[in-house]
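Take a look at the structure set out below.
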Amino acid sequence: MSVISRFPWDMLGVAVFTNDDSYGGQISQIIKSRIADVVLGLDPIDWSSRYKAMTARRSQPTSRPSTPSDPSRDFTALRGIYENPGYGSFELCLLPAENFSQLSPVTPACEDLISELPTLPGSVDPNIPTLMARWERAWATHIKFAHFDGDVFNATVINNLPTGDPSDPYWTYAMDFGDLRVNAEFFVGPRGKSGLGFTGGLWGAGPGVPGPSGKNIHERAEVWFDKL
């Protein structure tokens with residue numbers, strides 16, 4: 001984790017680098033803020049206590065209902081290519097699970113994805129209907145949507161890298177969105193308008209900024225992907 005902050009009017013730049021996945025972001029912010037306070041001659045603030053309090057206030061994830069309702073469309077109908085002008089496109093594949101042993105027809109891209117599931121140990125719960133896509137980014141290789149309830153899915157990005165170690169050939173890390181509770185919701189509207197909308201702070205507007213509003217996920221989505 002790294003933090004680089006610039007204070008151009010004060011001729012100050014602060015760079016902090018840590019090697020910790022779990023708390024590196026918070027550690028970097030604490031150190032950066034303390035350095036800035038001292039250099040700029042500001043009243044000292046106990047940043048460590050502030051970040052500890054913020055961590056303690058984090059909301060716990062809501063458990064999946066014991067009897068979740070199915071989406072408004074069949075799980076197999078949610079497969080396909082989704083596109084956003086800024087984030088690009090990905091092809092969602094329905095992964096084999098207890099209730100989905102037969103997924104024909106399957107596209108070549110989904111065949112490849114399903115065949116590589118053994119290289120993603122622990123990333124998929126076979127008891128939960130899950131859609132996944134390859135999504136090559138600097139910080140991720142896959143994006144996963146695990147069914148929560150109705151048309152709502154929990155979104156997770158996964159980074160999967162070869163280790164070069166035959167005894168443990170792949171390093172797989174499922175990354176959440178920090179303090180955010182990012183959900184993805186599928187939608188089919190009038191005249192065949194369909195797609196996938198994200199809510200939960202993914203757009204990065206920050207605290208205190210109200211999210212989009214509307215009667216359906218297409219209207220209130222922070223980030224929207226059209227289904228092609």
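The figures here come from the full heavy-atom set of this structure, side chains too, leaving out hydrogens, waters and symmetry mates. Keep in mind that this is a model prediction, so the values were computed, not measured. In what follows, residues are counted from 1 in the order of the sequence shown.
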Q) For the atom pair CZ (Arg134) and CG (Leu113), what is the distance rounded to the nearest 0.5 Å? A) 7.5 Å
Q | Value rounded to 0.5 Å, distance of CD1 in Ile30 from OG in Ser48 | A | 4.5 Å
Q. Going through the checks in order, is the side chain to side chain contact (heavy atoms under 4.5 Å, CB included) test met by Val157 and Trp135?
A. CA-CA 9 Å; Val157 290; Trp135 201 37; 4.2 Å; yes
Q.
Check for me whether the distance between the ring centres of His142 and Phe90 falls short of 6.0 Å.
A. no
Q: Over 60° means perpendicular and under 30° means parallel, so classify the ring planes of His147 and Phe153, tilted if in between.
A: perpendicular
Q. Can you check whether Leu228's main-chain N or O pairs, donor with acceptor, with Asp226's side chain at less than 3.5 Å?
A. no
Q.
Rounded to the nearest 0.5 Å, what separates atom CG in Asp112 from atom OG1 in Thr107?
A. 8.5 Å
Q | Ion pair check, Glu91 and Arg79, cut-off under 4.0 Å | A | no
Q. Are a donor atom and an acceptor atom from the side chains of Asn160 and Thr172 found within less than 3.5 Å of each other?
A. yes
Q.
Would you say Asp168 and Thr163 are linked by a side-chain donor-acceptor pair, where the criterion is simply a distance under 3.5 Å?
A. no
Q) Yes or no on side chain to side chain contact (heavy atoms under 4.5 Å, CB included) for Ile143 and Thr156, after CA distance, side-chain angles and deciding distance? A) CA-CA 6 Å; Ile143 186 166; Thr156 306; over 6 Å; no
Q: To the nearest 0.5 angstrom, please state how far the OG1 atom of Thr130 sits from the CG atom of Leu92.
A: 11.0 Å
Q.
Using 0.5 Å steps for rounding, measure from the CG atom of Leu120 to the CG atom of Asn159.
A. 10.5 Å
(Q) Has Thr141 got a side-chain atom pairing as donor or acceptor with Ile158's backbone, closer than 3.5 angstrom? (A) yes
